[in-house]
Amino acid sequence: MLEDRDGEQNKPPIIQEEAVNELLCHLSTYKSMGLDGIHLRVLRELAEELAKPLSAIYQQSWLTGEVPDDWRTANVTPIYEKGRKEDPGNYRPVSLTSVLGKIMEQFILSALTGHVKDNQGIRPSQHGFMKGKSCLTNLISCCDQVTHLVDEGKAVDVVYLNFSKAFDIIPHSILLEKLAAHGLDVCTLCWIKNWLNGRAQRVVVTGVKSSWWPVMSGVP
């Protein structure tokens, strides 16, 4: 997806036109539009024409740290799940953001993942949110370790922890500090900082829109 710059430090990779084209071609036309009102079918069918200008826009945004406002705002739509419809707790919020912004986020995610793996920032024991791993692989690994200990006649104690809404309450300032501590390049760190600092959302129900509210915490 990205091309590394050999011999250059603190510089983001080059965003290739082919990589942008591939992401556009794989967009699902059944998903909802963001605030920019651009339908995914338009982006997908015009992938070849849009790939070159978009790759230039993405590269410039990454280098300068400038993030368009459309990429930082979202409409939140409540989706009913179960129980009494009058209870707000029975709805799951779905955030609709700019599709073009999401594509840029894919490049940022690729750079973050590669950096963390190269610098061993994630332990092999991490299964959640890791490609090729899941709750199933975590369970299999845990059972395997417990079985070996039991076979050796050793006692095994298991402690279960559940952090309620942990991903929703993490301050962005802490995330940025951790990324800086792991040696993330300046351009990528600046882009993420500007993207987080300008995020805002509003609730939209049957065409009625609430006022904008800043997003101060939560995992992006």
Side-chain angles (χ1 to χ4, degrees), residues 1 19-20 22-47 50 54 57-58 61 67-113 126-136 138 162-176 178-179 191-220:
M1 180 179 290
V20 177
E22 182 180 358
L23 290 175
L24 290 173
C25 289
H26 285 84
L27 289 175
S28 172
T29 57
Y30 297 101
K31 293 187 177 180
S32 301
M33 299 179 293
L35 273 76
D36 50 25
I38 303 177
H39 199 282
L40 281 77
R41 181 177 293 276
V42 175
L43 297 175
R44 182 169 178 173
E45 294 185 355
L46 297 178
L50 294 173
L54 283 177
I57 292 173
Y58 290 149
S61 174
V67 183
D69 292 337
D70 286 348
W71 296 0
R72 299 183 293 186
T73 53
N75 282 338
V76 177
T77 301
I79 303 298
Y80 172 73
E81 289 191 318
K82 60 181 180 179
R84 295 173 56 251
K85 292 187 176 182
E86 296 79 9
D87 185 357
N90 292 329
Y91 290 79
R92 175 173 56 89
V94 175
S95 182
L96 302 179
T97 58
S98 168
V99 177
L100 296 179
K102 288 181 179 178
I103 293 177
M104 179 63 185
E105 292 169 21
Q106 289 292 318
F107 290 110
I108 297 294
L109 175 61
S110 178
L112 276 175
T113 304
Q126 172 69 29
H127 288 257
F129 308 100
M130 296 298 295
K131 187 176 181 179
K133 294 185 178 182
S134 63
C135 291
L136 179 60
N138 191 8
N162 181 24
F163 297 97
S164 178
K165 298 186 181 298
F167 292 105
D168 298 329
I169 60 177
I170 297 177
H172 290 160
S173 58
I174 293 180
L175 289 176
L176 291 171
K178 286 186 175 293
L179 290 175
W191 192 95
I192 296 175
K193 180 180 180 180
N194 291 336
W195 177 63
L196 290 175
N197 289 341
R199 292 184 69 204
Q201 61 186 20
R202 65 184 177 185
V203 178
V204 180
V205 180
T206 61
V208 180
K209 304 171 183 176
S210 70
S211 57
W212 289 103
W213 193 260
V215 180
M216 307 301 295
S217 62
V219 176

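Along the sequence shown, residues carry numbers from 1.
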Contacts of [X] that satisfy side-chain contact (heavy atoms from CB on, under 4.5 Å) - sequence neighbours left out:
X: Ser28; result: Tyr30, Lys31
X: Glu22; result: His26
X: Ser134; result: Leu136, Thr137
X: Arg202; result: Leu35, Asn75, Val204, Lys209, Ser210, Trp212

Suppose we screen for side chain to side chain donor-acceptor pair (under 3.5 Å). Which residues come up paired with Asp70, at least two apart in sequence or across chains?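 Residues passing side chain to side chain donor-acceptor pair (under 3.5 Å) with Asp70: none at all.
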Please identify each residue that fulfils side chain to side chain donor-acceptor pair (under 3.5 Å) with Ser61, with sequence neighbours left out. Trp191
Got Asn138 and Lys133 here, is their nearest side-chain heavy-atom distance under 4.5 Å?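 No, too far: nothing below the 4.5 Å cut-off.
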Taking C-beta and beyond as the side chain, do Lys178 and Leu175 meet within less than 4.5 Å on heavy atoms? no
Once salt bridge (charged side-chain N to carboxylate O under 4.0 Å, His left out) is applied, what residue pairs with a partner in residues 35-44 remain, sequence neighbours excluded?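 Every salt bridge (charged side-chain N to carboxylate O under 4.0 Å, His left out) pair that includes a residue of residues 35-44, provided the two are not neighbours, is Arg41-Glu45.
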Any pair with a residue in residues 88-99 that passes salt bridge (charged side-chain N to carboxylate O under 4.0 Å, His left out), sequence neighbours left out, goes on the list, sorted by first then second residue, please.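 Applying salt bridge (charged side-chain N to carboxylate O under 4.0 Å, His left out) to every pair that reaches into residues 88-99, excluding sequence neighbours, yields Glu81-Arg92.
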Can you tell me how far [atom2] of [Y] sits from [atom1] of [X], rounded to the nearest 0.5 angstrom?
X: Leu43; Y: Leu54; atom1: CG; atom2: CG; result: 8.0 Å
X: Ile38; Y: Ser98; atom1: CD1; atom2: OG; result: 6.5 Å
X: Ile103; Y: Ile108; atom1: CD1; atom2: CD1; result: 13.5 Å

Taking all atoms of both residues into account, what is the closest heavy-atom pair of Pro88 and Glu86, and its distance?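 Heavy atoms of Pro88 and Glu86 come nearest at CD-O, 3.3 Å.
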Tell me the closest heavy-atom pair linking Val76 and Pro93, and the distance in Å.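 In terms of heavy atoms, the two residues are closest at CG1-CB, 3.7 Å.
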Suppose the criterion is ring pair (Phe, Tyr, Trp, His ring centres under 6.0 Å): which pairs have a residue in residues 68-103, not counting sequence neighbours? Tyr58-Trp71, Tyr80-Tyr91
